[in-house]
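All ligand and atom numbering here is 1-based and tracks the order in the structure.
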Amino acid sequence: MNPPPRSARPRTTLTLCLALLGCTSARAVPASAPAVAPAPASSMLSADHAASFAHFAVASDHPQASLAGAEILAAGGTAADAAAATMLALGVASPASSGLGGGGFALYYRASDHSVTFLDFRESAPAAMTATLLTPLQMGPPPRDGGVAPAARSTGPSIGVPGEPRGIEELLRRFGTIGLARVVEPAARLADEGFTPSEHLAGLSQRFVGALRHDPLGQTWVPDGADGIRANAPLRNPALARTLRAFGANGAQIFYEGALAEEIVRAAAGVGGVLTAADLRAYRVAQRAPLEGNRYGHRWVTAPPESAGGYTMLASLALMERWVPGGNARPAEADVLHALAESWRGPFLDRARYFGDPDFVSVPLDALFAPARVAARAAVFDAAHARPSMAYDLPLPERAAGAPAAVPLGTGTSHICVVDAAGNVASVTTTINIPFGAGVSVAGFWLNDELDDFTSAPSPNSPASPLPTSALNQAAPGRRPVSTMTPTIVFAGNDPVLVIGGSGGTRIVTSVTQAAWRAVVLDTPVGEAVAFPRIHQAAAPDVLSAEPATAEAVVAELRARGHQTDALRGGAIVQAIRIVRAGGAVHLEAASDPRKGGRPAGR
Ligand code: GLY
């Protein structure tokens with residue numbers, strides 16, 4: 001890749017080339033390296049969850065999906081082409097998390113003009129949606145392990161208009177070079193010839209086996225007598241292979257008009273959905289200005305509303321840089337986790353009170369980020385004691401106070417990072433919401449249940465939550481629900497230095513913030529930053545959840561400061577690529593989260 005003129009913090013050592021198949025050795029190559037020569041695709045897959053590459057890299061949460069993206073890059077595609085190929089391959093190999101029946105956000109950096117574009121292809125509510133239609137689905141407390149309570153299992157009304165096909169088409173129209181027919185091919189092959197179910201997918205299939213048994217596609221994967229999908233035993237999805245090739249030949253239109261669109265409407269109606277052919281025809285991708293802020297000497301560019309993820313991360317980091325400034329002195333781990341946990345309380349309250357679809361409600365970002373307000377919130381911090389969440393609550397005087405809404409916990413989703421040989425960068429988060437979405441498949445893909453991300457009215461989402469609901473994120477025709485997805489690119493000057501994002505409901509933003517903070521502020525190699533044990537704390541309930549691998553002494557120290565703790569299971573999954581420039585050379589440190597068994601691929 002061509003080196004941009006300015007250099008990020010120089011790094012003198014390469015740390016992550018771990019017994020790799022096909023990745024570079026620990027040697028930075030000249031940036032003027034000749035065009036990449038072809039090589040067998042499988043040789044591009046890292047043997048471990050982290051690897052270093054000289055030319056291009058893809059990090060996703062399934063090895064075969066990372067390889068699909070790398071194949072397209074090796075064939076001369078851009079980061080947009082590769083991100084699309086990876087998304088489609090994830091829909092095949094990781095079908096519980098994302099696919100053509102869902103939607104997402106794409107953040108794209110184009111090296112030739114240093115532009116950053118944000119495409120919103122999230123699912124939207126049908127015209128027949130009402131605020132009360134979803135209420136019966138959202139009763140009952142989400143389990144603390146991140147699962148979904150049986151009573152909250154979604155059916156038809158939570159199916160939103162899928163945005164993924166139009167999102168892929170738009171990404172390629174703006175930034176692709178290789179053509180949709182070529183982009184779909186790795187995923188179509190995988191669906192035809194067989195994909196390898198991960199341990200993660202096998203585990204999800206056991207939890208959702210009831211839903212799978214009710215669906216014809218699910219039945220082929222979980223025949224009578226089986227308790228779920230078997231890890232590592234290849235599975236095929238010929239219907240999806242056909243759908244992908246039809247997409248490649250005809251474009252996204254086939255999902256929004258005609259026979260396939262009618263099939264989607266019928267399948268949704270079969271489970272009580274209110275989606276119509278007119279809703280599908282009306283779907284549009286939205287381009288929004290990305291959200292950005294300077295934190296710790298870097299420019300962080302991330303998702304704007306209707307995601308609350310970007311705001312929560314930037315608001316948290318604005319506090320963190322006051323409480324745990326960067327520099328050479330390495331802070332104690334308990335100090336870092338205490339500060340992180342405290343930093344999320346206020347932003348989660350803001351999210352619950354002020355966030356909604358920006359095409360329908362005004363999200364007061366300027367007022368929320370006002371320096372005096374950030375300073376007032378920073379002053380609440382006590383380095384020795386946890387404060388109650390409401391101590392960080394700062395209602396905006398110009399808005400009716402209103403009560404903050406409950407934030408659904410959520411789970412599922414997938415994140416992809418790509419850097420191509422020309423220096424273009426894609427950070428894409430894609431989802432069908434909870435595992436296997438609405439539990440209904442069409443033409444080989446699962447329909448989403450994304451509208452569960454609306455707050456319900458009038459009953460609280462969770463009896464365990466002290467936060468009642470509010471109006472801004474209520475379901476209404478055409479609206480897109482508030483998300484936590486946080487696709488992010490961090491810059492040093494004009495140069496991208498870190499691509500990052502994650503999956504896992506509200507834990508997306510706490511996990512992405514932690515991993516990015518370690519990579520940027522402590523200069524931790526991304527493989528370590530992504531794997532490091534994580535915590536989660538939102539405004540409510542007032543519990544700090546820590547992954548079991550967190551050092552016992554650190555958890556004890558957090559308890560001594562007044563945090564009520566429990567075990568964090570089923571946490572988020574983070575992917576990242578660091579772009580390292582040193583001595584006129586560039587290399588890419590790529591990491592897939594070992595929690596889901598992903599591996600990066602590249603050259
Ligand atoms: N459904 C997960 C999210 O949008 O945050």
Which atoms of ligand 1 have any heavy atom of [X] under 4.0 Å away?
X	answer
N433	1 (N), 2 (C)
E450	1 (N), 2 (C), 4 (O)
R122	4 (O)
M485	3 (C), 4 (O), 5 (O)

Who gets closest to atom 5 (O) of ligand 1 by heavy atom: T484, V482, V509?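 It is T484 that holds the nearest heavy atom.
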Would you be so kind as to tabulate the donor-acceptor pairs closer than 3.5 Å made by side chains of residues 86-94, with sequence neighbours excluded?
{"residue": "T86", "atom": "OG1", "partner": "A82", "partner atom": "O", "Å": "2.6"}

Should the ring pair Y283 and Y256 be called parallel, tilted or perpendicular, given that the plane angle runs from 0 to 90° and is split at 30 and 60?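 Y283 and Y256: parallel rings.
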Residues forming a side-chain hydrogen bond (donor to acceptor under 3.5 Å, both in side chains) with R595, sequence neighbours excluded: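 Listed in chain order: E547, D593.
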Which is it for T506 and ligand 1 at heavy atoms under 4.0 Å: side chain, backbone, both or neither?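 Answer for T506: neither.
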Do Y311 and F369 have ring centroids that are under 6.0 Å from one another?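 Ring centroids of F369 and Y311 are less than 6.0 Å from each other.
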If only side-chain N and O atoms count, and only distance matters, is there a donor-acceptor pair under 3.5 Å linking H415 with T429?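 Yes, H415 and T429 have a side-chain donor paired with an acceptor closer than 3.5 Å.
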Less than 3.5 Å between some nitrogen or oxygen of T413 and one of ligand 1, yes or no?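 No; the residue has no nitrogen or oxygen that sits under 3.5 Å from a nitrogen or oxygen of the ligand.
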SB check R377 D350 (cutoff 4.0 Å):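 Here R377 pairs with D350 in a salt bridge, since their nearest N and O are under 4.0 Å apart.
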